[in-house]
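In what follows, a structure is listed as structure tokens, so that the remarks can point back to it.
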2 protein chains.
Amino acid sequence: MNSFTEENYLKAIYKFSLTTKKGVSTNTIAKKLNTKASSVTDMLKKLATKNLINYKKYYGVTLTSKGEQIALSVIRNHRLWEVFLVEKLNFKWDEVHDLAEELEHIKSEKLINNLDAFLNFPTNDPHGDPIPNKNGKIKNLKMINMSELKANEEGIFVYVKDSSDKFLKYLSKNKLEIGERIKILEIEPFDNSFKIAYNNQQLILSESIAKNIYIQS
Amino acid sequence: MNSFTEENYLKAIYKFSLTTKKGVSTNTIAKKLNTKASSVTDMLKKLATKNLINYKKYYGVTLTSKGEQIALSVIRNHRLWEVFLVEKLNFKWDEVHDLAEELEHIKSEKLINNLDAFLNFPTNDPHGDPIPNKNGKIKNLKMINMSELKANEEGIFVYVKDSSDKFLKYLSKNKLEIGERIKILEIEPFDNSFKIAYNNQQLILSESIAKNIYIQS
DNA sequence: TAAAATATTTAGACTAATCTAAAAATTACA
DNA sequence: TGTAATTTTTAGATTAGTCTAAATATTTTA
């Protein structure tokens with residue numbers, strides 16, 4: 001049996017793994033979990049001895065398939081509880097995250113599968129994120145070019161076509177990072193520029209920049 | 001904020017307080033929570049410094065009103081989750097206790113009040129126990145004589161009229177204790193004797209014994 | 001009512017998860 | 001490419017909740 005804390009580490013590692021081919025770094029995890037790098041190192045050792053992650057000192061971590069399975073199950077729980085809170089208990093979609101962070105750790109297959117059925121097997125949570133099924137399978141996620149999106153659509157920034165230094169500098173200057181959730185506010189018909197919102201800020205992207213950005217929804 | 005563990009102690013103390021006028025003893029709590037008396041002593045000191053219990057060394061504890069309020073809120077959570085599991089997620093009434101033990105510790109007034117409304121403000125959980133309202137008020141519990149019960153009714157053994165040594169010895173010989181949940185299996189019309197079930201055993205009580213036993217339902 | 005039995009508390013230790021500070025390894029860049 | 005900056009790890013400490021064993025208090029009973 002894994003503790004709440006262990007599950008939170010696995011979940012964090014899983015999420016960062018989606019947007020990088022390399023191992024996830026100690027500092028990245030520490031920032032996400034509001035803890036210190038030294039605490040992360042301790043936990044990584046522990047997770048490695050449990051065969052939940054592949055850990056090589058100084059080179060970050062990846063999940064083993066056992067670790068990934070646990071992460072996916074926690075994510076499934078989280079997203080199903082969010083659906084429940086919004087659809088049945090009248091919560092707003094932006095009020096449910098913290099509660100779902102607690103509920104997700106209640107470990108009962110029967111509970112979560114019955115909840116899934118009660119909610120009529122939803123495929124996405126209230127934020128639009130896909131819900132893994134009971135075998136941990138996530139509905140085919142397809143990546144599309146930002147320029148194909150319409151106003152009010154949104155998704156996660158997952159990939160850049162042009163990864164030149166210049167372009168990456170541009171992104172970094174605007175604190176627009178892989179993994180960020182982006183919403184299209186409007187598209188200016190005159191020049192096809194995109195006004196977007198992400199992480200509490202707004203930005204206008206030219207058409208050529210939009211064409212460099214891929215979104216997963 | 002109180003930990004899960006602290007809440008479990010308060011809940012245990014609350015339940016034992018219902019059936020005794022004196023303070024609840026260290027050993028009683030230890031047995032209930034599957035822990036050691038020394039661990040209980042440590043926790044009692046901690047709860048006392050938080051003003052949740054009245055603790056006098058060697059003389060057991062009672063809850064302060066602040067402690068009672070917390071215990072009642074945890075019990076409310078527990079019982080509402082049990083209703084949810086049985087009525088909405090198709091659990092059997094005897095499968096829900098352990099899950100409710102986990103769910104009860106999720107602290108969100110909004111969550112529990114919305115759940116209450118979603119379930120249509122139930123007054124009793126699937127085991128028949130009353131659900132405290134949001135102010136911690138429990139619907140008038142009335143104690144009735146066992147002889148007034150009919151077959152298939154049940155409740156908690158809370159009081160004895162004749163507390164003579166003889167009678168108490170009889171109860172103790174049959175491991176029939178205050179606090180036990182008792183179900184009437186059948187009543188023999190010939191002599192008004194009661195066949196009851198409790199704690200995985202059955203027993204036949206004469207009419208005069210039944211008249212000494214009070215039940216809360 | 002005093003010795004025996006029982007209950008409770010204290011003392012000291014352990015584990016999980018965390019921290020700070022220092023040491024060591026890796027990466028960046030002049 | 002070697003020094004500086006950054007990242008990661010190690011060492012040692014802390015906290016909550018628990019434990020065992022020993023000490024102490026209360027209760028039972030002869």
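To find a chain, count down the sequence lines: A is the first, B the second, and so on, and within it residues start at 1. Please read these numbers as outputs of a predicted model, since none were measured by experiment. Note that these values count all heavy atoms, side chains included, but never hydrogens, waters or copies made by symmetry.
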* NA contact type, T26(B), heavy-atom cut-off 4.0 Å: base, sugar-phosphate, or nothing? -> sugar-phosphate

* Asked: Roughly, in whole Å, what's the span from OH in Y59(B) to P in dT24(D)?
  -> 17 Å

* To do: Report yes if a side-chain nitrogen or oxygen of Y58(A) is closer than 4.0 Å to either non-bridging phosphate oxygen (OP1 or OP2) of dA23(C); otherwise report no.
  => no

* Do the ring planes of F118(A) and F118(B) sit parallel (below 30°), tilted (30 to 60°) or perpendicular (above 60°)? -> perpendicular

* Verify the distance criterion only: is there a donor paired with an acceptor across the side chains of R76(A) and N113(A) at less than 3.5 Å? => yes

* **Length of the line joining N2(B):CG and dA16(D):P, which is rounded to integer Å** => 13 Å

* Step by step, would you call N27(A) with S25(A) a side-chain hydrogen bond (donor to acceptor under 3.5 Å, both in side chains)? -> CA-CA 5 Å; N27(A) 257 355; S25(A) 78; over 6 Å; no

* Asked: Looking across every strand, which nucleic acid part, if any, lies under 4.0 Å from Y55(A) by heavy atom: base, sugar-phosphate, or nothing?
  -> sugar-phosphate

* First encountered from the 5' end of DNA chain C, between K56(B) and N34(A) -> K56(B)

* Y9(B) near the nucleic acid: base, sugar-phosphate alone, or nothing, with a heavy-atom cut-off under 4.0 Å? -> sugar-phosphate

* Classify the ring geometry between H78(B) and H97(B) as parallel (under 30°), tilted (30 to 60°) or perpendicular (over 60°). => tilted

* Asked: Touch check for K45(A), heavy atoms < 4.0 angstrom, all strands: base, sugar-phosphate only, or nothing?
  -> sugar-phosphate

* Report the distance from atom CG of N27(B) to atom P of dT26(D), rounded to the nearest whole Å. => 16 Å

* Asked: Base, sugar-phosphate alone, or nothing: which one does T5(B) contact when heavy atoms must sit under 4.0 Å apart?
  -> sugar-phosphate

* Asked: Please give, in whole Å, the distance from dT9(C) C1' to M43(B) CE?
  -> 16 Å

* To do: Figure out the CG/P separation between D42(A) and dA21(C), and round it to whole Å.
  => 17 Å

* Counting just side-chain N and O atoms, does K57(A) come under 4.0 Å of either OP1 or OP2 of dA24(C)? -> no

* **Interatomic distance where NZ belongs to K36(B) and P belongs to dA22(D) [whole Å]** => 15 Å

* Any chance you could lay out the salt bridge (charged side-chain N to carboxylate O under 4.0 Å, His left out) test for E104(B) and R79(B), step after step, and finish with the verdict? => CA-CA 8 Å; E104(B) 71 188 8; R79(B) 293 180 182 169; over 6 Å; no

* Asked: If only side-chain N and O atoms of T41(A) are considered, is one of them under 4.0 Å from the OP1 or OP2 phosphate oxygen of dT10(D)?
  -> no

* What about S38(A): does its side chain form a donor-acceptor pair under 3.5 Å with the base of dT20(C)? -> yes

* Asked: Tell me: CG of L47(B) to P of dT18(D), nearest whole Å?
  -> 11 Å

* **Atom-to-atom span, CG of L33(A) to P of dC19(C) - whole angstrom** => 10 Å

